[in-house]
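When reading the values below, keep in mind they use all heavy atoms of this one structure, side chains included, and skip hydrogens, waters and symmetry mates. Numbering of ligands and ligand atoms starts at 1, following listing order.
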Amino acid sequence: MDINLLLNLKENYAWPRPDRCPGCNHFKVWGHGFAYCCFDFSTDPIPIKRYRCPNCGCVIRLRPEGYFNRFQASIDTIRKCIDSIVTTGKAIKGICRQRQYHWFAALKKRAVALFGLGADLKQAFESLIAEGVIPVSRAI
Ligand SMILES: [Zn+2]
C-alpha cells in the first residue's frame, strides 16, 4: 500500500478487489463508488474504494494498510499513545490529548471485560488486534 500514490491518484488508485464477499463468501463483488474518509496523513478527505456484494448486499469498504476501519490515526500512532499513557501516565505531545485518552479508555474497557481487572493493556492491545478486533473502538 503506497499512501503517496493514493494521495496522487485519488479515485484512480488501483485498490485490490476482494476475491470473495467477507459476509457470505460469494465469488464476486462489484465496485460501489467511494467513501470519503479523513486520515492523519492528509488534510483532505481521501476516496476509499467500496465494493458491494450482489448476493447478500453487504458493502465492503477497503482501508489503507496500517489503519483501523473508521480511525484517522494509524495503528502505529495509536499504539505509541497507548504505550505512553500506560508507561508514563501521560499522553504524547502533538496529538490531541482528548483523542488519546478516548482510545485509552476504550481499550481499558475492552481489556477489563475480556481479561479482568489489572489486565496488561499493551498486551491486550496486541491480543485484540490478533483476533481481528479494533482494540480502541467503543462499539462492541
Ligand atoms: Zn455477500
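Between R61 and N69 the shortest heavy-atom distance is NH2-OD1, 3.4 Å.
Using bins of under 30°, 30° to 60° and over 60° for the plane-to-plane angle, the ring pair F41/F39 lands in the parallel bin.
Judged by distance alone, with hydrogens and angles left aside, the side-chain atoms of T87 form a donor-acceptor pair with the main-chain N or O of D83 at under 3.5 Å.
Neither L62 nor F34 shares a network with the other; the hydrophobic side chains, linked directly or stepwise wherever heavy atoms of I, L, V, M, F, W or Y lie under 4.5 Å apart, form separate groups for each.
Annotation: side chain to side chain donor-acceptor pair (under 3.5 Å) contacts of R79 (sequence neighbours excluded): D76, E126.
For the pair K10 and D44, the salt-bridge criterion is not met [side-chain N within less than 4.0 Å of a carboxylate O].
Excluding waters, the count of protein N/O/S atoms less than 2.8 Å from the Zn ion (ligand 1) comes to 4.
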